Chemist: 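Below are the structure tokens for one structure; questions will follow.
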Amino acid sequence: MRALPPRPLPRVPLIGLVPIAAWFIVRPLLDPVPPLPALYTSVGFSIFAFLATIHLIPALGPSFVKAGLKGGDLLKPYCHEIPMSLAVYLSSLLSLILATMLGFLDDVFDIRWRHKLPIPIVASIPLLMVYYAERGNTHVVVPLPLRFLLGTLVNLASIFSQGSMALKSRKH
């Protein structure tokens with residue numbers, strides 16, 4: 001079965017979102033100031049981030065496939081190569097954003113522990129899905145300036161297990 005070509009992005013709705021996002025960003029600077037100016041700004045930047053994501057993922061996908069950072073979509077009946085590293089980056093960004101939001105909400109609203117506990121669990125789901133999709137691979141490529149110290153790859157599983165053993169052996 002052949003893969004269907006991707007649908008073209010609709011231009012009019014996407015271009016129409018640019019002035020709306022700009023209005024949300026500029027609105028808190030105008031009098032009268034809205035009751036939640038940070039919310040207006042966040043919505044505006046979120047729309048711009050959405051537009052950037054919609055345009056950059058299709059544009060950068062072939063570059064990742066050419067570099068060999070590709071894999072098959074496991075939920076499709078056909079074998080079509082898709083860029084896999086984008087999923088790693090997006091899932092790590094999503095987990096980081098959720099963890100940052102937890103810290104912000106805890107500082108502002110003083111959240112109780114019973115409400116705080118599920119948020120890191122939900123924040124870890126994107127990274128766990130990537131871990132599952134990579135079949136348990138926990139190696140990370142070291143940046144070029146640090147390779148003379150650490151080598152090309154670092155196995156995070158061994159670092160995590162050593163750290164957890166150190167915490168367990170610590171006496172109170």
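From a predicted model like this one, the values you see are computed outputs, not experimental measurements. FYI, side chains are in, hydrogens and waters are out, and symmetry mates aren't considered; it's all heavy atoms of this structure.
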Chemist: Under the side-chain contact (heavy atoms from CB on, under 4.5 Å) test, which residues partner Val12, sequence neighbours left out?
Modeler: none
Chemist: Of all residues at least two apart in sequence or in a different chain, which pass the side-chain contact (heavy atoms from CB on, under 4.5 Å) check with Arg114?
Modeler: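 side-chain contact (heavy atoms from CB on, under 4.5 Å) check on Arg114 returns Arg112.
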Chemist: Compare every heavy atom of Phe148 with every heavy atom of Pro145, then report the nearest pair and how far apart it is.
Modeler: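 Smallest heavy-atom distance, with atoms named: O-CE2, 3.0 Å.
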Chemist: Do the side chains of Phe24 and Leu29 join up, straight or via other hydrophobic residues, at under 4.5 Å, putting them in one cluster?
Modeler: no
Chemist: Run the side-chain contact (heavy atoms from CB on, under 4.5 Å) test against Leu30 and tell me which residues pass, sequence neighbours left out.
Modeler: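 Leu30 satisfies side-chain contact (heavy atoms from CB on, under 4.5 Å) with Val26, Arg27 only.
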Chemist: Please output the side-chain donor-acceptor pairs of residues 34-43 that fall under 3.5 Å, not counting sequence neighbours, one pair per line with the distance.
Modeler:
from  : atom 1 : to    : atom 2 : distance (Å)
Thr41 : OG1    : Pro37 : O      : 3.1
Ser42 : OG     : Ala38 : O      : 2.9

Chemist: Clusters formed by hydrophobic residues whose side-chain heavy atoms approach within less than 4.5 Å: which one holds Val141, and what are its other members?
Modeler: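 Members other than Val141 - counting any ILVMFWY side chain reachable under 4.5 Å - are Leu153.
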Chemist: Side-chain donor-acceptor contacts of residues 100-107 below 3.5 Å, not counting sequence neighbours, with atom names and distances?
Modeler:
from   : atom 1 : to     : atom 2 : distance (Å)
Thr100 : OG1    : Leu96  : O      : 2.8
Asp106 : OD1    : Ile111 : N      : 3.4
Asp106 : OD1    : Lys116 : NZ     : 3.3
Asp106 : OD2    : Lys116 : NZ     : 3.3

Chemist: Kindly work out whether a path of hydrophobic side-chain contacts (I/L/V/M/F/W/Y, heavy atoms less than 4.5 Å apart) joins Phe45 to Val33.
Modeler: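 Different clusters: Phe45 never reaches Val33 through Ile, Leu, Val, Met, Phe, Trp or Tyr contacts under 4.5 Å.
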Chemist: In residues 13-23, what donor-acceptor pairs under 3.5 Å come from side-chain atoms, sequence neighbours left out?
Modeler:
none

